[in-house]
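Beneath this line is the structure, given in structure tokens, with notes to follow.
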There are 2 protein chains.
Amino acid sequence: MEARIEKIKQQLQSQGYKLTPQREATVRVLLENEEDHLSAEDVFMLVKDKAPEIGLATVYRTLELLSELHVVEKMNFGDGVARYDLRNDSNHHHHHHLICVQCGAVDEIMEDWLTPLEERLEREYNFKVLDHRLDFQGICHRCKDKEKTDASEA
Amino acid sequence: MEARIEKIKQQLQSQGYKLTPQREATVRVLLENEEDHLSAEDVFMLVKDKAPEIGLATVYRTLELLSELHVVEKMNFGDGVARYDLRNDSNHHHHHHLICVQCGAVDEIMEDWLTPLEERLEREYNFKVLDHRLDFQGICHRCKDKEKTDASEA
DNA sequence: AAACCTTTTAGAATCATTCTAAAAGGTCCC
DNA sequence: GGGACCTTTTAGAATGATTCTAAAAGGTTT
């Protein structure tokens, strides 16, 4: 944990920014909730526990800054709230989302299924791929199981 | 054109809705701009030319309604505005986006590359796929050509 | 400690979208 | 033909996420 904070500190400093206490608190929240896709509001509420005097605007600015430095990834699942995810070396560019239309859960797939497609794009469409996103909407295994249980109970 | 309006009219009526003049004007705008990804605001301004008395809320409600009936597809490219696209039988479910980070253009690929992946998802992840989206961020062929030209001129 | 940075704060402002209450239009039935 | 009863529209207010602003606070450099 400390090592990763240190690394982010250096990324900030290399661009002339400082790791202020507010920024550090924000980064810690992100590290502690690495599996989740937190909204700015979520982050704000969690950071408030550590540093109650922090403002929402500061959290927004920090997330925006970290996003520019590619420390976090800003995402949009179409529900009107931006969500932020810490990038680490292993999941970088290789995760896709399963979005459940019933319960709203967002699961991840950590496999990279798109490399062959990207190669084809560059070849056939002359398009230089920098990033991608692949989301599936549907019904997650939990809701499917629940449906089955409900049906047998009825 | 008229045939397609007629078809949409029937889709509405089959669910108990009517094709009011405002809705028809909205649908016509969508048909006339089928290649574009219009925002609600864009649609509103274009509809105003045909029917100046229409309200923005009506456009929103109409687009929402058409979206529920799967006549249009509501999309989100992460720029804070929802965009709406007419669905027709040929592009239904089979288009992906090439979003240029340099000029902002959005091109479409009309091939379906994901069927094998969807089958795998249902099998391995027990996830019932209803819809998907696949977007690539990168540099489009136009900007690449432009770069090349600029470089040789310099 | 004065001058000069960057950063934070609180709250106002903005912008897309949704809600609300009232009005308008149709349709059915007598 | 006129109510009663629908759905739909309208204008404008309300909401909610995000951004801006002006003032204050902290650090650094001299």
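Convention: sequence-line order gives letters A, B, ...; per-chain numbering from 1. Because only heavy atoms are used, hydrogens play no part in the values below, and waters and symmetry mates are left out as well, while side chains stay in.
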Worksheet item: Just wondering, do A:V72 and A:D85 contact through their side chains at under 4.5 Å, heavy atoms?
Response: no

Discussion item. According to salt bridge (charged side-chain N to carboxylate O under 4.0 Å, His left out), does anything in residues 132-143 of chain B pair up with another residue at least two apart or in another chain? List the pairs.
Written reply: B:D107-B:R142, B:R133-B:D135

Discussion item. Test of understanding: with salt bridge (Lys or Arg N to Asp or Glu O under 4.0 Å), list the residues that count as partners of A:D36, not counting sequence neighbours.
Written reply: none

Worksheet item: So which pairs with a foot in residues 9-33 of chain A pass salt bridge (charged side-chain N to carboxylate O under 4.0 Å, His left out), sequence neighbours left out?
Response: A:E2-A:R28, A:E24-A:R28, A:E32-A:K50

Fill in: Min side-chain heavy-atom separation B:H132-B:L117 under 4.5 Å
no

Worksheet item: So among A:V81, A:L56, A:V59, A:L46, which one has a side chain to side chain contact (heavy atoms under 4.5 Å, CB included) with A:E41?
Response: A:L56

Worksheet entry | Residues in contact with DNA chain D, drawn from residues 55-71 of chain A - heavy-atom cutoff 4.0 Å | A:L56, A:A57, A:Y60

Worksheet entry | Selection: residues 8-22 of chain A, any non-hydrogen atom under 4.0 Å of DNA chain C | A:Y17, A:K18, A:T20, A:Q22

Worksheet item: Is the closest side-chain heavy-atom distance between B:L38 and B:Y84 below 4.5 Å?
Response: no

Worksheet item: Would you say the side-chain atoms of A:H96 pair up with the backbone N or O of A:E111, donor to acceptor, closer than 3.5 Å?
Response: yes

Fill in: Set of residues satisfying salt bridge (Lys or Arg N to Asp or Glu O under 4.0 Å) with respect to B:K74, sequence neighbours excluded
B:E64

Worksheet item: Whole-Å distance between C:dG25 C1' and B:I54 CD1?
Response: 15 Å

Discussion item. Just to be sure I understand the geometry, which residues of residues 45-53 of chain B put a non-hydrogen atom under 4.0 Å away from DNA chain D?
Written reply: B:E53

Fill in: Rounded to 10 degrees, the angle between the two terminal axes of the helix from C:dA1-D:dT30 to C:dC30-D:dG1, each from five pairs
0°

Discussion item. With a strict under 4.0 Å distance from non-hydrogen atoms of chain B, what nucleotide opens and what nucleotide closes the contacted stretch of DNA chain D, reading 5' to 3'?
Written reply: D:dT8 to D:dG12

Practice prompt. Just jot down the side-chain hydrogen bond (donor to acceptor under 3.5 Å, both in side chains) partners of B:S39, sequence neighbours excluded, or say none.
Written response: B:D42

Discussion item. Once ring pair (Phe, Tyr, Trp, His ring centres under 6.0 Å) is applied, what residue pairs with a partner in residues 17-43 of chain B remain, sequence neighbours excluded?
Written reply: B:H37-B:F77, B:H37-B:H97

Worksheet entry | Minimum side-chain heavy-atom gap A:I8-A:L69 below 4.5 Å | no

Discussion item. When you compare the side chain of B:I54 with that of B:T26, does any pair of heavy atoms fall below 4.5 Å?
Written reply: yes

Worksheet entry | Counterpart residues, salt bridge (Lys or Arg N to Asp or Glu O under 4.0 Å), relative to B:E124 (two or more places apart) | B:R120

Item to complete: Start with the C-alpha gap between B:L134 and A:L114, add the side-chain angles, then the distance that decides, and say whether side chain to side chain contact (heavy atoms under 4.5 Å, CB included) holds.
Response: CA-CA 10 Å; B:L134 174 55; A:L114 296 184; 3.7 Å; yes

